[in-house]
Protein chains: 2
Amino acid sequence: MSPRTRTPLNRDRVLKAALDLADTRGFEDLTMRKLAKELGVEAMSLYNHVRNKEDLLAGLVDIVFGEIEVAEPGSADWRTAMRERSLSMREALLRHPWAIGLMEGRARPGPENIRYHNAVVGCLREGGFAFREAVHAMSALDAYTYGFALQERGLPFETPEESAQVMDAQRAQVPDMDSYPYLVEVATELQKAGYDYAKEFAFGLDLILDGLEGLRAAK
Amino acid sequence: MSPRTRTPLNRDRVLKAALDLADTRGFEDLTMRKLAKELGVEAMSLYNHVRNKEDLLAGLVDIVFGEIEVAEPGSADWRTAMRERSLSMREALLRHPWAIGLMEGRARPGPENIRYHNAVVGCLREGGFAFREAVHAMSALDAYTYGFALQERGLPFETPEESAQVMDAQRAQVPDMDSYPYLVEVATELQKAGYDYAKEFAFGLDLILDGLEGLRAAK
DNA sequence: ACCTGAACACCGTTCAAGT
DNA sequence: ACCTGAACACCGTTCAAGT
């Protein structure tokens with residue numbers, strides 16, 4: 001039992017601390033050195049539990065995949081299953097916005113990743129989608145969800161006040177703003193009404209689900 | 001006329017060289033020092049033409065926005081306009097995959113960004129979409145396109161051979177692969193048929209466009 | 001088996017100094 | 001006005017050395 005760390009370091013503790021660091025202080029603060037300090041250890045010690053930083057990130061991504069809830073194939077109708085898992089996916093990406101660009105990496109997928117994707121395809125196949133159509137459906141839903149999370153991470157339109165602030169800054173910076181009447185309109189309306197991300201996401205999601213329903217019926 | 005650089009450095013030349021470096025050698029090789037070397041200059045000289053690296057990246061993002069073709073509002077029916085601009089957007093993101101996560105940044109948008117989004121909203125408004133519906137439409141289309149580009153960047157399923165390779169590696173790594181029958185099926189089918197990204201993208205795109213048509217008709 | 005100190009080859013950026 | 005050398009505060013990672 002060393003003086004500082006009662007529990008010895010292991011891969012799980014390293015990953016957990018890394019996740020927390022990225023979530024609370026931001027992805028750019030997730031460095032091997034700062035992570036080590038957080039764990040009361042020197043940076044080089046981490047390499048006993050993680051191959052390198054890429055391996056660390058792969059571990060984090062798999063934790064995020066593990067947080068996405070998805071029904072057992074056949075346990076619910078495909079539409080509710082896909083709707084719920086897309087909502088759960090957006091929420092996970094909202095908790096870990098730094099992960100968005102890493103989820104679809106070329107690296108070999110982790111166990112949670114595999115479990116997750118198997119369940120998604122399973123719900124579609126058991127829901128009556130032919131193989132090709134199931135791939136279409138998953139591809140479209142995933143693309144939409146990743147892309148929406150990306151937009152949500154970047155855009156500052158949460159409240160009317162925020163929208164107003166952004167637009168004022170923009171107006172000051174772009175002198176010929178009146179050459180862009182459609183944008184001005186959007187800005188004006190958004191200032192009045194605000195922008196509800198959850199509702200906006202649900203709108204596009206239901207639109208895609210409606211389309212997929214037809215695809216399935218056509219079989 | 002200095003010995004090396006006949007044309008003096010300026011912001012445009014810096015941005016052009018940076019774009020080329022990121023495209024040809026990858027985003028991780030786009031460092032201020034390597035960019036400077038490419039231009040036959042010391043790293044510190046770049047700061048005469050670019051505030052910092054963030055400013056450099058903002059400049060690159062605006063160049064990419066400038067590469068996305070979009071019709072003049074009112075010049076074509078909304079559906080072809082939106083279809084064409086989404087295809088053009090995917091192609092631009094395919095040429096500059098490193099840009100995907102940067103396009104929707106919090107930073108103030110550049111002139112090409114503003115021009116582009118104004119035109120997109122304009123095509124929808126002139127095409128008969130009410131304000132709220134135009135925002136819905138743009139949001140859904142953008143999310144899908146960004147997300148698809150993200151998947152395409154990460155996944156290695158171009159040819160049947162690639163799919164086979166990936167699956168073999170995965171099989172070797174995951175011993176209980178048979179616990180994931182739906183994934184095995186996808187893998188098997190993909191090995192036979194391959195995966196056509198362009199067609200897959202068009203499928204989801206048309207599905208969303210179909211849905212938006214209904215939204216417009218309902219007004 | 002696990003941890004560490006020193007070192008290597010890098011980063012972005014500042015600043016005083018050159019022309 | 002533009003470029004540079006030296007410096008600062010960082011990175012990820014290796015490796016021999018400690019326990």
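Just so we're on the same page: letters track the sequence lines, and every chain starts at 1.
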Heavy-atom pair of closest approach, residues Tyr146(A) and Gly147(B)
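Here Tyr146(A) and Gly147(B) meet closest at CB-CA, 4.2 Å.
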Any ion pair linking [Y] and [X] (charged N to carboxylate O, less than 4.0 Å)?
X         : Y         : answer
Glu38(A)  : Arg25(A)  : yes
Glu185(B) : Arg125(A) : yes
Arg85(B)  : Asp142(B) : yes

Output field dot_bracket for DNA chain C (Watson-Crick or G-U, both distances under 3.5 Å, | for other-strand pairs) contains ||.|||||...|||||.||
Is any side-chain heavy atom of Leu209(A) closer than 4.5 Å to one of Leu141(A)?
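When only atoms from C-beta onward are counted, Leu209(A) and Leu141(A) do touch, with a gap below 4.5 Å.
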Beyond-backbone contact of Trp78(B) with Leu212(B), side-chain heavy atoms, under 4.5 angstrom
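Contact flag for Trp78(B)/Leu212(B) side chains = yes.
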Any cation-pi pair here, Arg90(A) with Phe201(A), using under 6.0 Å and within 45°?
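Because its charged atom sits under 6.0 Å from the ring centre and within 45° of the axis, Arg90(A) does stack over Phe201(A).
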Leu57(A): which of Val50(A), Leu30(A), Asn52(A), Asp62(A) passes side chain to side chain contact (heavy atoms under 4.5 Å, CB included):
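Single side chain to side chain contact (heavy atoms under 4.5 Å, CB included) partner of Leu57(A) among Val50(A), Leu30(A), Asn52(A), Asp62(A): Leu30(A).
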Check for me whether the distance between the ring centres of Tyr195(A) and Tyr197(A) falls short of 6.0 Å.
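Yes - the distance between ring centres of Tyr195(A) and Tyr197(A) falls below the 6.0 Å cut-off.
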Contact list please: residues 19-36 of chain A against DNA chain C, heavy atoms, distance less than 4.0 Å, in numerical order.
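Going residue by residue through residues 19-36 of chain A, the ones with a heavy atom under 4.0 Å of DNA chain C turn out to be Arg33(A).
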Pairs flagged by ring-ring contact (aromatic ring centres under 6.0 Å, His included) wherever residues 100-122 of chain A is involved - sequence neighbours left out
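For residues 100-122 of chain A: Phe65(A)-Tyr116(A), Phe65(A)-His117(A).
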What residues in residues 45-57 of chain B put a non-hydrogen atom under 4.0 Å from any atom of DNA chain D?
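Only Ser45(B), Asn48(B), His49(B) qualify.
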Identify, with sequence neighbours excluded, every residue that meets ring pair (Phe, Tyr, Trp, His ring centres under 6.0 Å) alongside His49(A).
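For His49(A) there are no ring pair (Phe, Tyr, Trp, His ring centres under 6.0 Å) partners, ignoring immediate neighbours.
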Strictly under 3.5 Å: I want the nitrogen or oxygen pairs between protein and nucleotides 15-19 of chain C, one per line.
none

Do other residues, nucleotides or ligands put more than 12 heavy atoms under 6.0 Å from the CZ atom of Arg95(A)?
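It does: Arg95(A) CZ has more than 12 such atoms within range.
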More than 12 heavy atoms of other residues, nucleotides or ligands under 6.0 Å from CZ of Arg11(A): is that the case?
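Check passes, neighbour count above 12.
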In whole Å, what is the span from the CG atom of Leu39(A) to the C1' atom of dC2(C)?
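The answer, rounded to whole Å, is 14 Å.
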Mind calculating the distance between CZ (Arg11(A)) and C1' (dC2(C)) to the nearest angstrom?
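So the two atoms are 17 Å apart, to the nearest Å.
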